[in-house]
Number of protein chains: 2
Amino acid sequence: MTYAKGMTAATKARSQAELASVLRVAVMRLARRLRSEREDDSLTLNQLSAMGTLAGHGQVTLGDLAAAEMVQPPSMTRIVTNLEERGLVIREPDPGDRRLVLVRLTDAGAELLAANRRRRDAWLNRQLRELTPDEREALRRAAVVLEKLARS
Amino acid sequence: MTYAKGMTAATKARSQAELASVLRVAVMRLARRLRSEREDDSLTLNQLSAMGTLAGHGQVTLGDLAAAEMVQPPSMTRIVTNLEERGLVIREPDPGDRRLVLVRLTDAGAELLAANRRRRDAWLNRQLRELTPDEREALRRAAVVLEKLARS
DNA sequence: TATTGTTATACTCTATAACTATA
DNA sequence: TATAGTTATAGAGTATAACAATA
């Protein structure tokens, strides 16, 4: 097994148990750093998270959105009300079952979310440019594995 | 530049901009997954985070701890009071300047923190065992780069 | 009668401002 | 007079329980 240059810290992660520990700390720290690059802080993390879920699903009932965000329905009512007042989401009654409330992103909401994403990507891009090609290659190969772990 | 097996998703991240985007999503998701493996939820994330900071620094003044945790002093007073009631930390007056309050982990606090860490590592270890040797090697090489990004 | 979402109420956590003690 | 920490008070945000509308 050969190591590329700059592996002094990685060699400490020789055993699998050590790899788990090192990887966990690195991922948590980087996540924290990325989170701090939030847009303007006028929106809470929960509000942004709910919008992110909506971005992937089109129309979702308020209850399903609450479940997806691991929040109780009354809390989601409040979150959606706030986002609706800002024009970032829209409530619409379900035509088939009028007890249901469908929520979806407005164009303004989608744009704000995209701007947020671009901003975080911009920071990460700047950092990536400072790395060596080998280091970037290491990240490229690991990205798909990290995704796999996150889904499991 | 050669690619190892199982790179179908990674090839999507050909350009650096795409790498940033893919990496950000993967890291945030995995961090969220790791966070959900918290011990018993009797402690909040802020309390655990404060304890983690203490673990690395021995004795710290309450003000420095508040600054490190990006929290105001009154909030840290409350957090420390709560942790002290549980026997996880101890307040001690600074012998030199009696205005200062030094905080440090008790043995029980250190043990609880370690148990927490072990639990998260255990989950990640189980997942790592399911990966191929190539995938683990990719993570091993990337871990040090992720750490570097997190510190920047 | 069951289900979806909302309103009412209480609790937790945080912050700012005022206060106490030490320097 | 300045500084470290605590106490007092108010403002978000969340949850459970009670309620209204619809099925």
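Order of the sequence lines fixes the chain letters, A, B, ..., with proteins taken first and strands second; residue numbering starts at 1 for each chain.
The separation between Ile79(B) atom CD1 and dT6(D) atom P is 12 Å, rounded to whole Å. Between the C1' atom of dT6(C) and the CG atom of Leu100(A) lies a distance of 14 Å, rounded to the nearest Å. As a whole-Å value, the separation of Glu69(A) CD from dG5(C) P is 15 Å. If you take CD of Glu92(B) and P of dA4(D), they are 19 Å apart, rounded to a whole angstrom. Note: CG (Asp94(B)) to P (dG5(D)) measures 9 Å, nearest angstrom. Atom CG in Leu102(A) sits roughly 12 Å away from atom C1' in dT4(C) (whole-Å rounding). Between Asp97(B) atom CG and dA21(C) atom P the separation is 16 Å, expressed in whole Å. Put simply, CD on Gln72(A) is 5 Å from P on dT16(D), counting in whole angstrom units.
A side-chain donor-acceptor contact under 3.5 Å links Thr53(B) to the backbone of Ser49(B). In this structure, the side chain of Arg104(B) does not engage the main chain of Arg91(B) through any donor-acceptor pair within 3.5 Å.
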From CA spacing to verdict: side chain to side chain contact (heavy atoms under 4.5 Å, CB included), Leu149(B), Leu131(A): CA-CA 9 Å; Leu149(B) 286 175; Leu131(A) 300 178; 4.3 Å; yes

Test log, rule side chain to side chain contact (heavy atoms under 4.5 Å, CB included), inputs Thr61(B) and Val101(B): CA-CA 5 Å; Thr61(B) 69; Val101(B) 169; over 6 Å; no

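Between Leu62(B) and Gly96(A), the residue whose closest nucleotide on DNA chain D is further toward the 5' end is Leu62(B).
One finds a side-chain N or O of Ser75(B) lying less than 4.0 angstrom from the OP1 or OP2 phosphate oxygen of dA15(C). Regarding contacts with the backbone of dA20(D), every side-chain N or O of Arg98(A) stays at 4.0 angstrom or more from both OP1 and OP2. OP1 and OP2 of dG5(D) both lie 4.0 Å or more from every side-chain N or O belonging to Thr77(B).
Proximity note for Pro74(A) (side chain, C-beta onward) versus dA17(D), dT14(C), dG5(D): the nearest is dA17(D). Side chain of Arg78(B), nearest nucleotide from dT6(C), dC13(C), dT4(C): dC13(C). Closest approach to the Arg99(A) side chain among dA23(C), dT3(C), dT6(C) is made by dT3(C) (side chain taken as heavy atoms from C-beta onward).
Thr61(B) comes within 4.0 angstrom of the backbone, heavy atoms only, and of no base.
Separating the CG atom in Asp121(A) from the CZ atom in Arg126(A) is a distance of 11.0 Å, to the nearest 0.5 Å.
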